[in-house]
Protein chains: 2
Amino acid sequence: MAGRTTERREQALSRERIVAAAITLLDADGEDGLTFRALSARLATGPGAIYWHVANKNELLVAATEAVLAGATGRPDAADPAQAVRAVALAVFDAVDEHPWAGAQLSRAPAQPAMRRILERLGQQTLALGVPAADRFTSASALLNYIIGSSRQNAANARTQPPGGDRTAILAAEAAAWRTLDPDEYPFLHEIADQLPRHDDRAQFLAGVDLILAGIARLPG
Amino acid sequence: MAGRTTERREQALSRERIVAAAITLLDADGEDGLTFRALSARLATGPGAIYWHVANKNELLVAATEAVLAGATGRPDAADPAQAVRAVALAVFDAVDEHPWAGAQLSRAPAQPAMRRILERLGQQTLALGVPAADRFTSASALLNYIIGSSRQNAANARTQPPGGDRTAILAAEAAAWRTLDPDEYPFLHEIADQLPRHDDRAQFLAGVDLILAGIARLPG
DNA sequence: GCACGGCTTGGAACGTCGTTCCAAGCCGGC
DNA sequence: GCCGGCTTGGAACGACGTTCCAAGCCGTGC
């Protein structure tokens, strides 16, 4: 270990390369997997070099979230505005399902570009749906909050279970916990305990979108 | 500083006192305010003593969230089931608004007792609303996800601004940012930019609940 | 009245994190 | 060919969650 070898790396450090590496780490080991030390190791450099391109860890998270959700806000390209809303909703749901850390980040900091684009897409569809001007902001916000909230919650649930396919086992355990509760105090949980282990998260999410769409359709009268 | 003075404290350390102190710290300085060192100082003890009563920081957060949301899931005591749903929704919204860290915690870990109670209350009202059995789980879940997601998002927004009353200033800045976007790509954000600084978060949240309730009312046909 | 032993305390220490600092190396322009 | 700004990356700082353990307190059995 004599002299420092700072010869120009064959691929220079850049913001894009750093964000890409961060996404790899986040996908592999979750939110705790993103560390400036792990990032340094993967990029074969030191923490200081990374700080030259990125202000801090939060900026890195925002950039990674933005990159991951960029695809989810493409053109609506559906004739039916209700179908366009469903398409946006599912795109966000699937993106967050694949990158749970992005969902957490989305609901942590407000006014992110990705959020603006989603709200814009939803708002455009409320116009196409014939929602009165006075109700468009509220309708689009309700859709946005439901979509982000449900996607995040679903991702948080999925993160609880190890990568193995024992989703059913975990849900069965939760259903069993429900059945041990006092039936007089928790009649509803007892009623739906059977449905819990075999319900489809994605379909249920979409059904919720349809509930809001049905409520919106009722607006003008 | 001679001998150790471990004389029995006038009020013994206990799980309840620890959780209460944790809530104080969380309310004062946000999520980062809860530290085992700060907690030790406030309780005039050391970190080790706290670990005797509490397994780890996460358990402490769960207990604090549970304590703070206990009041939000009281008896529905409203004749109209729709009004009961609104009451539960507003109780959660207000509790999370007052304790933003609780909202973050709620959507982090699934299967918390508070979540079960809220889902139970909502489910009971779907029964009273005459929702068909096959749709109750989905309806209650949609309400739950919307309520938690919106409350959390609202709290995250509120946390951005300093305690001073410049909420309007921040929203005005965001509206200004919207107006700098390309009007062809973001027509909706331009349209609603005027409404942003003067809209009522709580009223808009409630309007979203009503949208879902309207959708639910349409279910049987 | 006194020793014993489990319950409780709280300070010290470990490893890791985000972040800052800075000496050193590289390279384009004079 | 040297100079000065752009980059690099290793060392160090302070704070965190957590673990460990010596010490003190107090109820129990004699």
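Reminder, nothing fancy here: chain letters follow the sequence lines and each chain counts from 1. Every value quoted in this text rests on a predicted model; they were computed, and no experiment measured them.
You'll find the ring centres of A:F137 and B:F188 outside the 6.0 Å limit. Between A:Y146 and B:Y146, the distance from one ring center to the other does not fall under 6.0 angstrom.
In this entry the distance linking CG of A:L43 with P of D:dG9 reads 10 Å, nearest Å. Straight-line distance from the CD atom of B:E31 to the P atom of D:dG17: 12 Å, rounded to whole Å. Per the geometry, CD1 belonging to B:I50 stands 12 Å off P belonging to D:dT18, to the nearest Å. Rounded to whole angstrom, the span from the NZ atom of A:K57 across to the C1' atom of C:dT20 amounts to 17 Å. Taking atom CG of residue B:L25 and atom P of nucleotide D:dG17, one finds them 11 Å apart after rounding to whole Å. Atoms CZ (A:R37) and C1' (C:dT20) sit 12 Å apart, rounded to a whole Å. One interatomic measurement links the two molecules: CZ of B:F36 to C1' of D:dG14, which rounds to 19 Å at whole-angstrom precision. A straight line from CG of A:D32 to C1' of C:dG18 spans 14 Å, rounded to a whole angstrom.
Here the side chain of B:A49 is nearest to one of D:dG17, C:dT9, D:dT8, namely C:dT9.
Heavy atoms from other residues, nucleotides or ligands lying under 6.0 Å from CG of B:D32 number 12 at most.
With DNA chain D read from its 5' end, the first of the two nearest nucleotides for A:P47 and A:W52 is the one closest to A:W52. With DNA chain C read from its 5' end, the first of the two nearest nucleotides for A:G48 and A:L34 is the one closest to A:L34.
A:L39 comes within contact range of no nucleotide atom at all, as no heavy-atom separation falls under 4.0 Å.
Taking side-chain N and O atoms only, B:T45 has no distance below 4.0 Å to OP1 or OP2 of C:dT9.
Remark: the B:E174 side chain and the B:W178 side chain contain an N/O donor-acceptor pair separated by less than 3.5 Å.
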